[in-house]
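Here's the structure, in structure tokens; my notes come after.
Quick note: residue numbers are just sequence positions, from 1. Since the model is a prediction, treat every value here as computed from it, not as a measurement.
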Amino acid sequence: MVKNVSLSRLHKENRVLVTAHRGNSSEYPENTLIAMQKAVEAGADFIEFDLRSTSDNVPILLHDATLVRTANVSGTPEEKTLAEIKKLNASCFRYQRRQAAPLDEQIEIPTFEEILAELNSKAAMNIQIYLKTLPALKEACLLYRKYDMYDKGYMTIADEDVVKAVHAIDKDIAICLTPGWNERADEASQRRCAELGCRFFQPVRETVTPEKLRLAQELGLRANVFYADSEIEFAGLYNMGAPGIMTNAPRRLVEWLKLQK
């Protein structure tokens, strides 16, 4: 379990950092409280999750634009109130595949605040922003401030206009810029991340190289590479010198890293 959560400390540590993609999503329903808790128990340094919002502008954990895959309900979260969202069962997608029926009696879609209240002192957070309304974005920023996340988590954002909107609300919120998928690790993109004050960035495994990782280090960027789930993939990134790996299988990666010492 992570103690004294600090982005500043993690940024400097001389070891491979483990980011749990949507929590321990290889074993538990993604983007749920139990998936996040089990990722922390497994030893993940970061939990990564996605924020969308309800019709009443409450930030909730959900990756997809619709509720079909994970909750087996049509429509978007923005069309439902929080009360309606809380009645859904988020265990329809488990073990990284769609199930014929929910595997758990009731797994709720959590709110951003529920995750913060439970885990803000136990793991750093990679907060992916997919919020479509300014009120929802403001609420997420207010919650970030309320739980003093300034050195505990960063907001991962693809669109620089959204970065500007976040910093108009609170200029001190930590950002991870994720521009285009294939060019994310390119020199121009890395330099732009550094210009914006990012300390962490998220290149893609298929496009990352040792040279690009060295450039990141020179620019003061700590790479958390997306993503690897198998021992062969772990080894490829480890041998390349990746300082951080995102994974759907944090328990497997933590155990594999222990064997490399």
Would you name the heavy atoms of [X] and [Y] that are closest together and state the gap between them?
| X | Y | value |
| --- | --- | --- |
| V254 | A44 | CG2-N, 4.4 Å |
| T178 | Q202 | CG2-CB, 4.0 Å |
| N24 | A39 | N-CB, 3.6 Å |
| A42 | P250 | CB-C, 4.4 Å |

Aromatic plane relationship, Y150 with Y144 - under 30° parallel, 30 to 60° tilted, over 60° perpendicular: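 Aromatic pair Y144/Y150 classed perpendicular.
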Please check if any side-chain donor atom of [X] sits under 3.5 Å from a side-chain acceptor atom of [Y], or the reverse.
| X | Y | answer |
| --- | --- | --- |
| Q128 | N126 | yes |
| T81 | D56 | no |
| T207 | N182 | no |
| E113 | Y147 | yes |

[Y] backbone acceptor or donor facing [X] side chain under 3.5 Å:
| X | Y | value |
| --- | --- | --- |
| H167 | I173 | yes |
| D159 | D161 | yes |
| Q260 | W256 | yes |
| E118 | I115 | no |
| S189 | A185 | no |
| R222 | H11 | yes |
| H63 | E30 | no |
| D50 | L61 | no |
| K86 | I109 | yes |
| R52 | L131 | no |

Give the cluster check for [X] versus [Y]: same hydrophobic cluster or not, with ILVMFWY residues linked at side-chain heavy-atom distances below 4.5 Å.
| X | Y | result |
| --- | --- | --- |
| V163 | I169 | yes |
| V166 | M149 | yes |
| L196 | M155 | yes |
| Y238 | L17 | no |
| L134 | Y130 | no |

Side-chain heavy atoms of [X] within contact of [Y], under 4.5 Å:
| X | Y | value |
| --- | --- | --- |
| T70 | N31 | no |
| T247 | V18 | yes |
| I47 | L119 | yes |
| F112 | I127 | yes |
| L51 | I60 | no |
| K212 | R214 | no |
| I245 | V16 | yes |
| R69 | L62 | no |

Between [Y] and [X], does any NZ, NE, NH1 or NH2 come within less than 4.0 Å of an OD or OE carboxylate oxygen?
| X | Y | result |
| --- | --- | --- |
| R192 | E160 | yes |
| R205 | E233 | yes |
| E84 | K87 | no |
| R9 | D151 | no |
| R191 | E218 | no |
| E139 | K146 | no |
| R252 | D229 | no |

Single hit among R22, R94, K38, R251 for salt bridge (Lys or Arg N to Asp or Glu O under 4.0 Å) with E27: R251
Residue among F46, F200, W181 satisfying ring-ring contact (aromatic ring centres under 6.0 Å, His included) with F226: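 In the set F46, F200, W181, the residue that makes a ring-ring contact (aromatic ring centres under 6.0 Å, His included) with F226 is W181.
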Aromatic F93 / basic R98 pairing, under 6.0 angstrom, 45° off normal: no
Residues forming a side chain to side chain donor-acceptor pair (under 3.5 Å) with S91, sequence neighbours excluded: N89
Residue pair E41, K122: steps toward the salt bridge (Lys or Arg N to Asp or Glu O under 4.0 Å) verdict: CA-CA 9 Å; E41 289 176 13; K122 298 177 182 178; over 6 Å; no
Crowding at CD1, I232 (>12 non-hydrogen neighbours, <6.0 Å):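 Count not over threshold, so no.
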